[in-house]
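Residue numbers start from 1 in every chain, and the chains themselves are labelled A, B, ... in the order their sequence lines are given, proteins ahead of strands.
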Amino acid sequence: MTSILFYLTSITYKIENNTPIIYLFGKTKEGKRLIVKDPTFQPYFYVLIKNEAILEKIKNLAIEEGKVLKIEKIQKNYLEKEITAHKIIVNLPSSIIKFKDELKKWDEIERVLEYDVLFTRRYLIDKKITPMTLLKVEQNTIEKAKVTTITAKTVEEDNEELIPNPKIIALDIETYNPDGKQINPEKNPIIMLALKGENYEKVLTWKKINGKNIEILNSEADLLQRFKEIIETEKPDILTGYYSDGFDLPYIKSRANKYRIKLDLGWDESELNIKGKTEKIAEINGIIHLDVLKFVRRIMRTSLKTDTYTLDNVAQEILGEHKHEVPLDLLAQTWDVEDETQLKMFADYNLHDANLCYQLCKKLLPNMLELVKIISLPLFDVQRMSFSQLVEWYTIKQAQLFNELIPNRPGYYTQQERNKKRLHGAFVYEPTPGLYQNLVVFDYRSLYPSIIASHNISIGTVNCETCEKKEKVPTEYAELNICKDKQGFLSTIIKNLIEKRARIKIAIKKKPTQLLKARSEALKLLSNSFYGYLAFPMARWYCFEGAEATTAWARFYVKNVIEKAKETGFKVLYADTDSCFILLEKKTKKDAINFCKEINKNLSEQMELELQGYYHTGLFVGVKGSKTGAKKKYALLDENNKIIVKGFETVRRNWSFIAKEVQKEVLNIILKEKNKNKAFAYVKDVVEKLKKNKIDINKLIISTQLQKPIDEYENVGPHVAAAKLLEKKGKPALPGMLLKFIICKGEGKIRDKVKLPEDVKNEDYDSEYYIYHQVIPAVETIFNVLGLNIEKQLTERDQTTLGQF
DNA sequence: TGCCCGCGGGG
DNA sequence: GTGTACGCGGGCA
């Protein structure tokens with residue numbers, strides 16, 4: 001028997017001979033691929049019982065293939081209180097849900113717990129194994145397959161060093177797409193496929209294009225075969241794409257299905273698997289598939305300025321590089337006429353996109369890996385998690401160490417109830433709407449975790465009934481006390497995160513490295529997410545009072561900062577949950593930096609105020625009402641004369657082009673030229689043209705996707721009406737189709753006024769609709785904060801009111 | 001007002 | 001796979 005060291009990259013399990021076998025995919029120190037099978041791990045869950053007599057009945061429980069193997073009595077904590085639990089060990093992971101459903105019906109059972117911790121995740125947590133790090137395995141037997149496979153006697157963590165230089169390949173496809181925005185993998189072929197690795201770049205295609213890295217195949221089927229071949233020979237550890245979960249890989253899969261090509265890229269010869277109901281996820285056993293977009297949208301969101309996560313915007317902000325500008329809507333046509341020079345341009349574009357994605361993945365990987373090290377779940381999973389999931393899984397891992405039972409996820413009803421609860425929110429300092437010069441934004445987010453840590457906020461400490469020493473929470477909304485006798489579970493794990501980060505920050509000061517920075521970022525990210533988690537309706541460790549206490553103290557601290565800013569001579573413009581906007585007026589940027597330093601001096605070391613940015617101009621949109629956690633709504637002009645738009649979510653595809661165009665132009669005029677009259681005149685001009693039906697109808701088309709067959713709709717919205725019109729013409733209206741329609745003059749509801757673009761003449765469209773439901777809503781908040789009711793102004797003929805600006 | 005429904009990203 | 005998004009806004013009932 002020999003022992004082998006290997007880096008674990010991904011994990012799955014299979015049932016063999018009615019026994020679950022854990023499959024660990026990884027690479028040895030020598031870089032050889034290896035599959036380790038571990039048959040020793042058994043699925044289990046917990047019950048809290050009222051009466052020991054019931055144990056015998058549980059022991060004999062059997063449902064279908066599922067059997068109870070063993071019961072262990074065990075001392076645990078549940079919600080920070082000591083308790084006796086019973087661990088029910090069973091034969092099959094899939095039997096656990098059935099046992100849970102049965103046991104919940106029994107009177108003698110008080111509670112069933114930990115029935116929904118996925119088997120592979122349970123394995124990692126219990127074995128204290130961290131993916132992407134080095135494991136030691138005692139080998140039992142060996143079998144020869146596509147990838148060397150061994151059965152392990154034991155598996156354990158050896159060392160926390162990360163896998164060195166994982167090999168990344170990025171992929172991007174171009175598809176034949178004659179119908180504009182509409183995407184149809186059933187009908188339209190893949191015409192180009194680009195792959196980019198460290199020393200590898202290639203565009204596969206199947207028409208004649210001359211170029212260094214272009215490989216011409218005979219057909220789309222050959223292209224797919226060649227793609228498979230390249231992945232097999234290049235053996236990447238990581239395959240990445242931009243929206244490859246939702247687009248590239250599902251598209252490749254469905255084209256391969258068409259030609260009956262098996263995409264058995266998995267190390268165990270399993271196929272590329274597209275799973276997920278609401279959102280697609282593409283998985284290949286052994287190869288880690290990363291979708292950069294998902295990480296960007298879920299995790300980078302808060303740290304990016306951009307509001308739309310197109311590859312172009314994201315690459316521009318993170319890498320400082322744009323996509324190639326090409327007329328993408330002409331690609332299909334170009335492909336048909338086989339214009340070689342033009343096709344070469346598209347091939348370059350294709351490869352460049354893959355390259356951007358490759359660079360993004362490489363750049364973000366250290367951050368993802370640090371999260372993997374903290375959470376101890378596979379990179380594949382961590383990369384796709386939202387903040388709340390990261391917090392939850394970190395807490396689950398910690399629960400094991402603190403001997404805490406994991407609370408159940410709330411049922412639908414509980415979630416609904418929690419959803420109704422309104423948190424007495426963060427302190428909001430209302431902005432005076434307007435255009436401002438020289439703004440500084442302070443970000444005060446670390447306030448929240450430090451409050452939770454330093455004030456010992458946790459499920460077991462909020463309004464604890466048994467304690468003697470307690471601290472009163474400064475709020476008039478509720479009687480809240482926090483226990484001072486014992487350390488809370490949640491507050492302790494947050495405190496540990498903060499302290500860990502503090503140590504790393506010291507190390508960074510001594511010697512800054514990319515790795516340390518990524519680690520610090522990951523810790524910050526996680527600890528900053530805890531507060532939101534406490535009030536998150538789906539949270540297992542939901543703690544509404546804890547969240548209330550946190551905001552109460554936050555108000556206390558934030559007010560203090562605002563006061564200090566005023567004392568220092570700054571004008572405070574706006575403050576909310578996590579940030580504070582000030583106007584420099586006669587003060588300088590340096591004064592702001594000094595102020596920030598001054599504030600930090602007087603804070604406990606766990607707290608930190610950051611200078612988030614400096615801006616020439618800001619168009620400030622107030623928060624409507626005063627709802628908790630309302631998102632910022634503003635447009636800023638940064639030091640590079642770039643416009644940053646936040647919170648103007650109007651720009652969606654199901655809006656007409658005219659609405660999008662007007663909004664963009666208005667922001668441009670106001671921020672760059674600072675000319676409100678010009679902006680108003682511009683809108684007025686567009687509205688006049690709309691009234692006279694002089695706007696090109698192509699700008700009025702609204703596109704909405706049909707999600708299901710027409711007769712499944714309970715409510716007939718405009719796009720459903722459009723679908724019906726299409727059907728009336730004898731044309732199909734199938735799910736997935738992008739329906740284009742124009743709202744025309746007529747009686748009744750909007751859906752009654754829907755017409756298909758081909759049937760619309762310029763004089764037909766409903767000017768009123770486009771003015772009041774498209775153009776005005778797109779810009780009205782902008783004009784509102786400038787003190788102008790655009791709708792009113794537009795309907796009043798009197799131009800003199802403009803003087804009120 | 002509450003509920004249903006689509007959006008994002010991708011060509 | 002012991003299964004998962006999320007948060008928002010428009011239109012209809």
Pairs under 3.5 Å (N/O, protein and nucleotides 1-4 of chain B):
none

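- The ring-ring contact (aromatic ring centres under 6.0 Å, His included) test applied to A:His86 returns no partner, not counting sequence neighbours.
- Take A:Asp248 and apply the salt bridge (charged side-chain N to carboxylate O under 4.0 Å, His left out) test, not counting sequence neighbours, and it matches no residue.
- Residues meeting the side chain to side chain contact (heavy atoms under 4.5 Å, CB included) test with A:Arg384, sequence neighbours left out: A:Asp245, A:Ile281, A:His289, A:Asp291, A:Lys294, A:Arg298, A:Phe380.
- DNA chain B contains the following stems of three or more consecutive Watson-Crick or G-U pairs, with both distances under 3.5 Å: B:1-8 with C:6-13.
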Which donor-acceptor pairs under 3.5 Å do side chains of residues 88-104 of chain A form with protein atoms, sequence neighbours excluded?
unit_1, atom_1, unit_2, atom_2, d
A:Asn91, OD1, A:Lys67, N, 2.8
A:Asn91, ND2, A:Glu65, O, 2.9
A:Ser95, OG, A:Leu92, O, 2.6
A:Lys98, NZ, A:Glu64, OE1, 3.2
A:Glu102, OE2, A:Trp106, NE1, 2.9

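- With sequence neighbours left out, the side-chain hydrogen bond (donor to acceptor under 3.5 Å, both in side chains) criterion links A:Thr19 to no other residue.
- Checked against ring-ring contact (aromatic ring centres under 6.0 Å, His included), A:Tyr123 has the following partners two or more places apart in sequence or in another chain: A:Phe41.
- Scored by the side-chain hydrogen bond (donor to acceptor under 3.5 Å, both in side chains) test, A:His773 finds no partners at all (sequence neighbours excluded).
- DNA chain C is contacted by A:Pro93, A:Ile96, A:Ile97 of residues 92-100 of chain A, taking any non-hydrogen atom closer than 4.0 Å.
- With sequence neighbours left out, the side chain to side chain contact (heavy atoms under 4.5 Å, CB included) criterion links A:Asn715 to no other residue.
- Looking at residues two or more places apart in sequence or on another chain, you find a side-chain hydrogen bond (donor to acceptor under 3.5 Å, both in side chains) between A:Glu283 and A:Lys275.
- At the heavy-atom level, A:Asp353 lies under 4.0 Å from the strands shown only through sugar-phosphate atoms.
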